[in-house]
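This report refers to the structure that appears directly beneath it.
When a ligand or atom number is given, it counts from 1 through the structure's own listing order.
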Amino acid sequence: MTKPLRLGIAGLGTVGVGVLRIVRKQSALLTARTGRAIVISAVSARNRDKDRGVPITGYDWEDNPVELATRDDVDVFVELMGGADGPAKAATEAALKAGKDVVTANKAMLAVHGQALAELAEGAGRVIRYEAAVAGGIPVIKSLMEGLAGNEITRVMGVMNGTCNYILTRMQSSGLSYDEVFEEANKLGYLEADPNLDVGGIDAGHKLSILASIAFGTRVAFDAMELEGIGRITIEDIRQAADMGYRIKLLGVSRMTGRGLEQRMSPCLVPCASPLGQLEGGTNMVVIEGDSVGQIVLRGAGAGEGPTASAVMADVCDIARGLRLPVFGQPAAGLKQATPAVSATPAAFYLRMALQDKPGALAKVAAVLGQNGISINRMRQYDHDETTAPVLIVTHRCVRADLDRAIGAMAETGVVEGEPVALRIEEV
Ligand code: NAP
Ligand code: HSE
């Protein structure tokens with residue numbers, strides 16, 4: 001029998017404890033499937049005395065994750081602490097330099113430092129695996145990198161933040177406001193320590209930037225992503241969208257266009273009857289389109305102890321079996337620096353604004369849209385109060401840059417109260 005594969009696990013929170021449980025409970029299964037025992041040599045976290053609901057006395061303890069990462073009895077460093085920088089990055093770099101393979105669930109670190117870490121790993125002949133970093137338990141990295149390796153990928157999109165999908169679908173089903181449901185999600189413990197990572201679209205943007213790199217052979221470019229969170233979505237938006245046969249989703253879309261790489265994470269309208277429109281609660285969905293395969297849809301739990309640890313263990317098993325792939329599917333040195341293409345693909349837009357309720361106000365807004373080449377498809381005024389009239393406009397297909405110019409010009413008409421909300425209607 002081949003020698004055991006020895007893990008060093010840094011981070012014993014939700015995901016780390018899940019990994020300990022699988023290694024303990026499924027030891028025979030893991031050995032049968034990989035041909036070797038998978039064992040834990042040592043663990044690290046901040047607080048040694050914390051009760052983690054699973055025994056850790058059988059493993060050596062390291063206070064410092066860098067020390068853990070470089071131990072002689074560790075073959076694979078499993079990084080489950082989180083954070084783009086700090087101990088996660090320091091220990092990952094130390095592990096690679098010490099000749100260890102790395103498994104991580106850390107999308108923030110890969111989105112920000114993915115290229116440098118990939119070059120370091122490949123220069124040292126090591127692998128970094130990160131199935132758990134995108135869409136939790138859904139094997140999306142494996143699907144893109146291996147199952148669809150023979151395809152030119154044309155589009156990757158999906159709902160990749162369960163918390164936002166919970167908030168939006170709960171608003172829909174309960175009729176509660178954004179603030180009320182946000183508070184509910186907070187009480188349920190769904191929000192990250194910094195909630196803006198969720199509702200600001202950053203967490204989902206990290207995930208999409210990683211998928212885009214694999215799909216299009218480009219360097220991870222999170223800083224080039226168009227990012228917009230869900231904080232301005234009102235219950236009225238949810239209702240108006242539903243009236244027109246749509247649901248609002250925090251949707252990530254990436255595609256290679258003639259003008260460069262389009263990457264955006266923003267609230268969009270999708271048809272109610274589409275698989276994305278039907279996605280409820282904290283579930284994730286990733287849709288991948290390839291020239292030969294057509295469209296495939298992957299759906300499942302995007303977070304939580306079991307699903308995320310399942311993905312970590314899939315990576316550990318691949319390393320145990322001897323599977324060694326470049327970090328982003330092709331050698332890091334050859335990944336292209338993509339030109340960012342800001343919303344190059346035209347779409348219809350949902351536009352909500354509050355107009356002063358006085359003669360000529362609507363005409364001024366319509367004129368500004370027309371002057372910027374934007375044609376109105378549908379329009380509705382609803383629920384007037386004494387001084388303002390909420391107006392909803394659905395445009396014909398246009399490019400976002402033209403719409404943004406029109407929105408900028410609307411401020412100068414003196415008839416629009418506050419900032420209009422513009423949501424793309426995505427063709428899915
Ligand atoms: P968590 O519950 O907050 O656990 C973090 C762990 O890291 C804790 O055990 C903590 O120690 C330890 N830690 C933090 N700083 C440390 C340091 N300086 N030295 C040693 N240990 C340190 O986090 P999590 O939810 O398990 O997430 C872990 C990673 O998985 C993150 O990258 C996250 O983005 C990713 N992820 C999580 C999920 C999910 O559903 N939770 C899903 C997908 C991906 P103490 O316990 O002693 O405080
Ligand atoms: N905050 C994330 C979510 C956790 O809600 O999907 C998994 O990355």
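Atoms of ligand 2 lying under 4.0 Å from at least one heavy atom of K207, given by number and element, are 6 (O), 7 (C), 8 (O). Interface of N161 with ligand 2, defined as ligand atoms under 4.0 Å from a residue heavy atom, comprises 1 (N), 2 (C), 3 (C), 5 (O), 6 (O). Listed by number with element, the atoms of ligand 1 under 4.0 Å from a non-hydrogen atom of K50 are 45 (P), 46 (O), 48 (O). Listed by number with element, the atoms of ligand 1 under 4.0 angstrom from any heavy atom of N47 are 47 (O). The atoms of ligand 2 that sit less than 4.0 Å from any heavy atom of D198 are 1 (N), 2 (C), 3 (C), 5 (O).
For atom 5 (O) of ligand 2, the nearest protein heavy atom (residue, atom name, distance) is T163 OG1, 2.6 Å. Protein heavy atom in closest approach to atom 14 (C) of ligand 1: R46 CZ, 3.5 Å. Scanning the protein heavy atoms around atom 13 (N) of ligand 1, the nearest turns out to be M81 CG, 3.9 Å. The nearest protein atom to atom 8 (O) of ligand 2, hydrogens excluded, is given as K107 NZ, 2.6 Å; this is a heavy-atom distance. In this structure, the protein non-hydrogen atom closest to atom 4 (C) of ligand 2 is E192 OE2, 3.7 Å. The nearest heavy-atom contact from the protein to atom 31 (C) of ligand 1 is G82 CA, 3.6 Å. In terms of protein heavy atoms, atom 40 (O) of ligand 1 is closest to G304 N, 2.7 Å.
Proximity of E122 to V327: side-chain heavy atoms (C-beta onward) are separated by under 4.5 Å at one or more points. At a threshold of 4.5 Å between non-hydrogen side-chain atoms, the residues I141 and L211 count as touching. In this structure, T92 and T104 have side chains that are not in contact, with every pair of non-hydrogen atoms separated by 4.5 Å or more.
On a distance-only criterion, S44 and ligand 1 share no N/O pair closer than 3.5 Å. For ligand 1, the polar-atom distance check finds an N/O of L12 within less than 3.5 Å of one of the ligand's N/O atoms. Checked against a 3.5 angstrom limit, the closest N/O atoms of G162 and ligand 2 fall inside it. At under 3.5 Å, not a single nitrogen or oxygen of D63, backbone or side chain, sits near a nitrogen or oxygen of ligand 1.
Ion pair E426/R264 flagged as a salt bridge, since at least one NZ, NE, NH1 or NH2 atom sits closer than 4.0 Å to an Asp/Glu carboxylate oxygen. By the 4.0 Å N-to-carboxylate-O rule, E93 lies close enough to K89 to be salt-bridged with it. Ion pair R400/D404 flagged as a salt bridge, since at least one NZ, NE, NH1 or NH2 atom sits closer than 4.0 Å to an Asp/Glu carboxylate oxygen. For the pair R352 and E236, the salt-bridge criterion is not met [side-chain N within less than 4.0 Å of a carboxylate O]. Salt bridge annotation for R48-D63: absent, with no cationic side-chain nitrogen under 4.0 angstrom from a carboxylate oxygen. Comment: D101 engages R126 in a salt bridge, judged by a side-chain N to carboxylate O separation of less than 4.0 angstrom. Electrostatic pairing of D243 and R380 counts as a salt bridge here, judged by a charged N lying under 4.0 Å from a carboxylate O. Note on K142 versus D318: salt bridge recorded, some NZ/NE/NH1/NH2 to OD/OE distance being below 4.0 Å.
Counting heavy atoms closer than 4.0 Å to ligand 1, residue A10 contributes nothing at all. When non-hydrogen atoms are compared, ligand 2 lies under 4.0 Å from the side chain of D203 (C-beta onward) but not from its backbone.
At a 4.0 Å cut-off, at least one heavy atom of P65 sits close enough to ligand 1 to count as contact. A heavy-atom separation below 4.0 Å is found between G302 and ligand 2.
Note that atom 7 (O) of ligand 1 has protein non-hydrogen atoms nearby, at separations under 4.0 angstrom.
Between the choices K107, K207, R52, the shortest heavy-atom distance to atom 46 (O) of ligand 1 belongs to R52. Among A133, G18, A105, A303, the residue whose heavy atom lies nearest to atom 35 (C) of ligand 1 is A105. Selection from A45, G13, G86, A90 by nearest heavy atom to atom 20 (C) of ligand 1 gives A45. The heavy atom nearest to atom 41 (N) of ligand 1, considering only V15, T308, N106, is found in V15.
The ring of Y130 has its center closer than 6.0 angstrom to the ring center of F328.
Of the possible donor and acceptor atoms, one in the side chain of D315 sits under 3.5 Å from a partner among the backbone N and O of E131.
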